[in-house]
**Q** 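First, the structure itself, so that you have it in front of you.
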Amino acid sequence: GSSFKFKTGTATCSIRGTDGIVGVTKNGQSVGSLNSGAMDMEQDGQKVSIGANQFVAFRKGKAPVVGEAKNAGDPEL
């Protein structure tokens with residue numbers, strides 16, 4: 001029932017009941033992926049919501065990529 005919100009230099013994330021990862025690529029673009037739960041992620045005015053077994057990758061000047069992956073949320077992804 002609770003949520004947690006944090007900000008990086010490039011993104012804001014709201015997470016709820018999650019197991020996953022959030023990070024930033026070498027070129028400063030935010031990425032996130034989840035094993036379970038839900039997350040809203042925003043960068044440069046673009047907001048994306050993902051759920052279990054999904055990932056999001058933001059790209060400069062382009063729409064974010066959202067996809068499904070059984071191993072989403074695995075730190076080795």
Side-chain angles (χ1 to χ4, degrees):
S2 64
S3 68
F4 179 75
K5 188 174 197 175
F6 64 93
K7 293 183 179 188
T8 71
T10 58
T12 300
C13 299
S14 297
I15 56 177
R16 296 168 304 283
T18 53
D19 174 26
I21 60 169
V22 174
V24 179
T25 65
K26 289 180 184 178
N27 66 355
Q29 298 305 291
S30 300
V31 294
S33 63
L34 297 178
N35 284 322
S36 62
M39 175 172 62
D40 298 326
M41 199 165 185
E42 183 176 354
Q43 181 174 315
D44 299 329
Q46 296 179 313
K47 185 175 181 179
V48 175
S49 298
I50 62 170
N53 299 315
Q54 289 187 310
F55 66 88
V56 59
F58 286 87
R59 305 178 299 160
K60 255 183 196 172
K62 297 180 181 179
V65 172
V66 176
E68 304 275 332
K70 288 182 181 181
N71 61 343
D74 183 336
E76 295 182 16
L77 179 65

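These figures come from a predicted structure and were not determined experimentally.
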**Q** With a 4.5 Å cut-off on side-chain heavy-atom distances among I, L, V, M, F, W and Y, is there a chain of contacts connecting Val31 to Leu34?
**A**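 The answer is no; the residues belong to distinct hydrophobic clusters.
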**Q** Enumerate, atom names and distances included, each donor-acceptor pair closer than 3.5 Å involving a side-chain atom of residues 50-63, sequence neighbours excluded.
**A**
from, atom 1, to, atom 2, distance (Å)
Gln54, OE1, Gly51, N, 2.7
Gln54, NE2, Glu68, OE2, 2.8
Arg59, NE, Ala63, O, 3.0
Arg59, NH2, Ala63, O, 2.9

**Q** Determine the minimum heavy-atom distance between Gln43 and Ser30, stating which atoms define it.
**A**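 Heavy atoms of Gln43 and Ser30 come nearest at OE1-OG, 2.6 Å.
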**Q** At their closest point, which heavy atom of Ser33 faces which heavy atom of Met39, and how far apart are they?
**A** N-CE, 4.3 Å
